[in-house]
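All residue numbers refer to positions in the sequence shown, counting from 1. Both ligands and their constituent atoms are indexed starting at 1 by order of listing.
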Amino acid sequence: MNGLKSKHLLGLEGMTAEEMGVILDTAASFREISERPVKKVPALRGKTIVNLFFEASTRTRASFELAEKRLSADTVNISKSGSSVAKGESLRDTAENLQAMKIDVIVIRHGAAGAPHFLASLLEASVVNAGDGAHEHPTQGLLDIFTLKGRLGDLKGKKVTIIGDIAHSRVARSNIFGLTTLGAEVTVCGPPTMIPPRIEELGVKVEMDLRRAIEDADAVNVLRIQLERQKVNLFPSLDEYAVVYGINRKRVAMMKPDCIIMHPGPINRGVEITQDVADSDRAVILEQVTNGVAVRMAVLYLLCEGVQKEPPPVDAAVEEEKTDSKVT
Ligand code: CP
C-alpha cells in the first residue's frame, strides 16, 4: 500500500505523523521535477482528474492543475459559473455524472464545510479537499508543514504562531491539526471575536498579546482577513486591524532574527501584513506556493497509485519521458 489509510484526502484531522511523513517525503522527491526544463513525468498517464472549483481560487486551482499536468494526468476544470450548477443542478448530480464518465479523482473546493466528505461517501473516485468552507484546507496545511520542515527541520518543539481570523480559517484548522500531530507548539492570536471558543481543546495556546505571541516564535503564519465569510463586523475597521494586529517592520523587529513569516495568500497588503514585510527576505510566501505544486503532486500520485510499493520513479520516469519524446 502507499502508506495512506484512506483513498481520499479530506482533512489533516486524524492523519498520523507517519501518513504525513509519506506525503512530505514523496513531495520532496517530486519538487525537483518543477526545476527541470521539461516539467513532466508519466506517473499518472491514463488517469483522469476533475477540478471542481465552486469558490474563487488562484493558487490552489493553478497548483492542482499544474501538479496534474506535470504527472501527465488528463484534467478537466469545472467552475460554478460555467457548469450546470448555474442552472440549478445539485452537487450530488454533478458528481455522479462525472463519476459516470469514469474519472479517477475529484479535487473539490466548496463554500460548504463537509462538501468533499459528502462526495467521498457517494463516489468510487478519490476525493481531495481543496478547501471546504471554514473547515479544512489539507493541502495548504501540508505545504505549510513542508515549507516549515524545509526551513526549521524537525518540527517537534518548534513554536509556530498563527495570527488573525482563526474562526473563519480552514488554513488555521489544517495547520493546527497537522502541526500539533508533529509535535510543534502552536499559538493562536487575533481579535477576541476571531478566536473560536474552546480552541485550546485542539492543543493550541491562545495569546491575546501580539508581542508575546510573536517574540519567541520560530515561524509566524499570518492569515488573510476573510471579509467574505464574516456575517457581522468582527472588528471596527481594516485600518484598526492593521494597527493592532498587522505584521509590519516594527513587529518583525520584536521577532527572533531567524523567525520566518508565512502567509497562505491571497494577501490583503496593508491590512494583515505590510507591503515591505510581505516582500522581505523573512517572508517565505512564494516558497510556500512553489512547494504547493510538489505537495499536490505527491497527494495525487499517492492516491492514484495506492497499490504501488515504491516511491515515485523519478529517474525511471525521466528515461521513459526521453524515450517517449523520441517516439513522438
Ligand atoms: N491559499 C489559497 O487557498 O489560495 P487560493 O484561494 O488562491 O486558492
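- At a threshold of 4.0 Å, the pair K256-D218 counts as salt-bridged, since one of the basic side-chain nitrogens sits closer than that to a carboxylate oxygen.
- Screening residues 59-80 for ring pair (Phe, Tyr, Trp, His ring centres under 6.0 Å), with sequence neighbours left out, gives no hits.
- Taking the side chain to side chain donor-acceptor pair (under 3.5 Å) definition, one finds that S34 meets it with R70, sequence neighbours left out.
- Its side chain within the 4.5 Å cluster rule, L91 clusters with L10, V50, L52, F54, V76, I78, V85, L98, I103, I106, I108, F118, L119, L122, L123, V127 among the Ile, Leu, Val, Met, Phe, Trp and Tyr residues.
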Just the distances, no angles: every ligand 1 N or O to protein N or O pair closer than 3.5 Å, one line each.
unit_1: ligand 1; atom_1: 1 (N); unit_2: Q140; atom_2: OE1; d: 3.1
unit_1: ligand 1; atom_1: 1 (N); unit_2: P264; atom_2: O; d: 2.8
unit_1: ligand 1; atom_1: 1 (N); unit_2: G265; atom_2: O; d: 3.2
unit_1: ligand 1; atom_1: 3 (O); unit_2: T60; atom_2: OG1; d: 2.9
unit_1: ligand 1; atom_1: 3 (O); unit_2: R109; atom_2: NH2; d: 2.9
unit_1: ligand 1; atom_1: 3 (O); unit_2: H137; atom_2: NE2; d: 2.9
unit_1: ligand 1; atom_1: 4 (O); unit_2: R59; atom_2: NE; d: 3.1
unit_1: ligand 1; atom_1: 6 (O); unit_2: R109; atom_2: NH1; d: 2.9
unit_1: ligand 1; atom_1: 7 (O); unit_2: T58; atom_2: N; d: 2.8
unit_1: ligand 1; atom_1: 7 (O); unit_2: R59; atom_2: N; d: 3.0
unit_1: ligand 1; atom_1: 7 (O); unit_2: R59; atom_2: NE; d: 3.2
unit_1: ligand 1; atom_1: 7 (O); unit_2: R59; atom_2: NH2; d: 3.0
unit_1: ligand 1; atom_1: 8 (O); unit_2: S57; atom_2: OG; d: 2.6
unit_1: ligand 1; atom_1: 8 (O); unit_2: T60; atom_2: N; d: 2.9
unit_1: ligand 1; atom_1: 8 (O); unit_2: T60; atom_2: OG1; d: 2.6
unit_1: ligand 1; atom_1: 8 (O); unit_2: R109; atom_2: NH1; d: 3.3
unit_1: ligand 1; atom_1: 8 (O); unit_2: R109; atom_2: NH2; d: 3.3

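- Taking the centre of each ring, H117 and H8 stay at or above the 6.0 Å mark.
- Other residues, nucleotides and ligands contribute over 12 non-hydrogen atoms within 6.0 Å of the CG atom of D258.
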